[in-house]
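Here is the structure we will look at.
Convention: sequence-line order gives letters A, B, ...; per-chain numbering from 1. Keep in mind that the numbers below use all heavy atoms, side chains included, and drop hydrogens, waters and symmetry copies.
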Protein chains: 4
Amino acid sequence: MTDSTKVRQKPGKRERLATAAARVLHEQGVEKTTLADIARAADVPVGNVYYYFKTKDQLVEAAIDAHGQNLQTIIAALDDLPTPQERLKALVGGWVDQRELAARYGCPTGTLAAELDKREDGLDRQIAKIMQVLLDWAEQQFQAMGRSDSRELAVALIAAYQGISLLTNTFRDPELMATEGCRLERWIDSLT
Amino acid sequence: MTDSTKVRQKPGKRERLATAAARVLHEQGVEKTTLADIARAADVPVGNVYYYFKTKDQLVEAAIDAHGQNLQTIIAALDDLPTPQERLKALVGGWVDQRELAARYGCPTGTLAAELDKREDGLDRQIAKIMQVLLDWAEQQFQAMGRSDSRELAVALIAAYQGISLLTNTFRDPELMATEGCRLERWIDSLT
Amino acid sequence: MTDSTKVRQKPGKRERLATAAARVLHEQGVEKTTLADIARAADVPVGNVYYYFKTKDQLVEAAIDAHGQNLQTIIAALDDLPTPQERLKALVGGWVDQRELAARYGCPTGTLAAELDKREDGLDRQIAKIMQVLLDWAEQQFQAMGRSDSRELAVALIAAYQGISLLTNTFRDPELMATEGCRLERWIDSLT
Amino acid sequence: MTDSTKVRQKPGKRERLATAAARVLHEQGVEKTTLADIARAADVPVGNVYYYFKTKDQLVEAAIDAHGQNLQTIIAALDDLPTPQERLKALVGGWVDQRELAARYGCPTGTLAAELDKREDGLDRQIAKIMQVLLDWAEQQFQAMGRSDSRELAVALIAAYQGISLLTNTFRDPELMATEGCRLERWIDSLT
DNA sequence: CATGAATGAGGATTCATTCAT
DNA sequence: TATGAATGAATCCTCATTCAT
């Protein structure tokens, strides 16, 4: 009981750093983000960061993980819905809900992937895994809809999202995402 | 005749730099690319770069322009085709032809856009212009096909390309682009 | 006791840098002085300088402040003297005492002012403030002597000092300062 | 006659460079002025400068010479006046006439001297010579007035000018020069 | 564990000077 | 002579990473 104060005060500095990193890296990009930026955002002294993460790359990895866990949460929520069509459309709906963020900074996973793909760290494989998870989940839904081309459809859906995120961001226009979202929902319905 | 080699080398140092920049920036990303990298790729002494471009940003801008001119060339070639369907499918075919490059480095315009959108330079507006050109051209084709939803379709098409470029790059799998290319061609045919 | 050396060395790294900057900038001039020069003079690694001062200009500003504080100290000491005449003559006496330094590098404030006036930073306003302080103090003394033209006299006195500093420096002849000092003291006495 | 065209077109590129250098160096200071600045001001291609001056320092020297010749011209004009008092007061009057320039950039000779004294080139001796000329001339005038302390007075006069130039420049206030000019004229009259 | 401070390896940029024509 | 272009040595500044306490 005595330590509860301390425990409650810093409920995982490590986690706070990872969360802050996820946000700041999304907003500023990996290369333009300083360790100091992240430390500041997490309200952690710069020197202390290294107690939790040996290198900047490890912090980036933690940020990727955070995005991954976020995705897991989203998927878990979607799985409560009764039909695959509804699940897929709910996914699209979620994207549309985030359109303001996309207009400003693009898709968190997508922009991270684009940037990390320029490197030969394992980091690019890390982000690929997350993308894979989403892809697999979408594939399952299309399969549940009885489509034999489920993989292809899953790729098309995720690609459509990544692409419209990029355009939405490039033109700073959230409406692009909204319009494309409607189109994708109609498309899902048309697949029976 | 003997001096032609040397004589021919100078004429386009500025252009050589822009071309090299376009390539290297695509391959390595803007932030990770050093002026020295570009200078080396263009076989120009670092100090000399500044004779042609006052800042790194100006060199990036020149690289963007190079990509823009490349796009213009492509579009001009496409316009020789008789029907809008053929033109659009030829565009898609071109993307598929470039799938190996996309698998390695992603779409030149798209990755550049993703990275530059993190900045508040005019550079992000510059790349948006190029994307706009492509979008406008695609819209014209859909319009020529008699579609009233030409804008929406154009956005969907370009988004699909940008998205599949990202996935192709993320998974280092050119086949993704090929498959999606076929799907897009079928889709175009279905719109008549 | 053994570690006192090291312990004592840290306490004022920032101040050590400012002091070193004040000296080196006086000796070499602002433009000719490298950050490395100052770092070396303060026995601080170059990279570390930026922990204390974000830019070279901020370091220059700190040096100006150092000169300003030095002036305050001098003025405070002068104010202990009973009559304005004595105070003014003591000021002049101080100048004469520093004539060797003036012969080598000129008046610290004056040379700095001359150089910074070529710039449009706020730095030139910073040095003007210090000059103003000296001017105001001199004016008060002449006022205390009952002179209605106190401002004009103050300007004349400071100008005489700045001018003779320049000549002393130009001709590398400390005697110029000494002679002019005597003249100024006689002049002060003549004003009653 | 045939060469008159050419002769008239470029009446001494060398001289044009020296004049431009004198002006630009006064305005911007030696260190902050690039060769390109001077070349541009003289409307001479950069590469061509080196045909006339082997190094930047030689150009600075030429600028100093230009100021020296300017001084000679002024002195020559003053010498037309009948009495030493009138000559000295005319000198002071000239300073006052130039007060706007002094407020902006200080005294050409003085600021140059201040900057060059920081160097160990012969350049600082060069500027000292010019200052010497002025000093000698003033000394002669005081001598002609029958003063045995002519040297000391000459030094005081020139120092007063250099000092008030600095203050005028520091405070950007031409009036300072005007006021001090009046004071100096009264002072000259009082010496008889 | 915490933290302010230290360090040094780059990276962009400037500019005097040189060169080829 | 004239001139655009070339060159490389400096210089300022950033930042990941380490260290001492």
Is the phosphate of E/dT14 approached by B/Tyr50 (side-chain N or O, under 4.0 Å from OP1 or OP2)? no

Considering only atom P, compute the distance from F/dT21 to E/dC1 and round it to an integer number of Å. 23 Å

Whole-Å distance, B/Leu59 CG to E/dG11 C1', equals 14 Å

For B/Phe53 and E/dA12, what is the distance between atoms CZ and C1' respectively, to the nearest whole Å? 16 Å

First encountered from the 5' end of DNA chain F, between C/Lys56 and B/Pro45: B/Pro45

So if I apply the side-chain contact (heavy atoms from CB on, under 4.5 Å) rule between D/Lys13 and each of D/Val49, D/Val44, D/Asp43, which one comes out positive? D/Val44

Between the side chain of C/Asp37 and the main-chain N/O of C/Thr34, is any donor-acceptor distance below 3.5 Å? yes

Is C/Leu35 touching bases, backbone alone, or none of the nucleic acid, heavy atoms closer than 4.0 Å? sugar-phosphate

Let me know which of D/Val24, D/Leu123, D/Val60, D/Asp57 forms a side-chain contact (heavy atoms from CB on, under 4.5 Å) with D/Val30. D/Val60

Rounded to the Å, how far apart are C/Lys32 NZ and F/dT11 P? 9 Å

Gap between atom CG of B/Asp65 and atom CD1 of B/Ile130 - 0.5 Å precision: 6.5 Å

To the nearest 0.5 Å, what is the distance between CD1 (B/Ile64) and CD (B/Gln69)? 12.5 Å

Return the value, rounded to whole Å, for the distance between atom CZ of A/Arg16 and atom C1' of E/dA2. 13 Å

Does a side-chain N or O of A/Thr34 approach OP1 or OP2 of F/dC15 to a distance below 4.0 Å, or not? yes

Considering every strand and a 4.0 Å limit on heavy-atom distances, what is the contact class for A/Tyr52: base, sugar-phosphate, or nothing? sugar-phosphate

Whole-Å gap separating P (F/dC15) and CZ (A/Arg40): 10 Å

Let me know, please, whether B/Val49 or C/Thr55 comes out on the 5' side of the other along DNA chain F by nearest nucleotide. B/Val49

Considering only F/dC13, E/dT17, F/dT3, which nucleotide approaches the side chain of D/Asn48 most closely? F/dT3

Output field dot_bracket for DNA chain F (Watson-Crick or G-U, both distances under 3.5 Å, | for other-strand pairs) contains .||||||||||||||||||||

In terms of the nearest nucleotide of DNA chain E, which residue is placed more toward the 5' end: D/Thr33 or B/Glu31? B/Glu31

Verify the contact: side-chain N or O of C/Tyr51 to OP1 or OP2 of E/dA6, cut-off strictly under 4.0 Å; return yes or no. no

Nearest 0.5 angstrom please: A/Thr33 OG1 to A/Glu27 CD, how far? 8.5 Å

Side-chain heavy-atom pair B/Thr111, B/Tyr105 within 4.5 angstrom cut-off: no

Do the side-chain N or O atoms of D/Lys13 get closer than 4.0 angstrom to the phosphate oxygens (OP1, OP2) of F/dT3? yes

Rounded to the nearest 0.5 Å, what's the gap from NE2 on A/His26 to OG1 on A/Thr109? Could you check? 8.0 Å

Interatomic distance, D/Asp121 CG vs E/dA16 C1' [rounded to whole Å]: 14 Å

Gap between atoms CG and C1', on D/Asp37 and E/dT14 respectively (whole Å): 12 Å

Can you measure C/Gln28 atom CD to F/dT11 atom C1' for me and round it to whole angstrom units? 14 Å

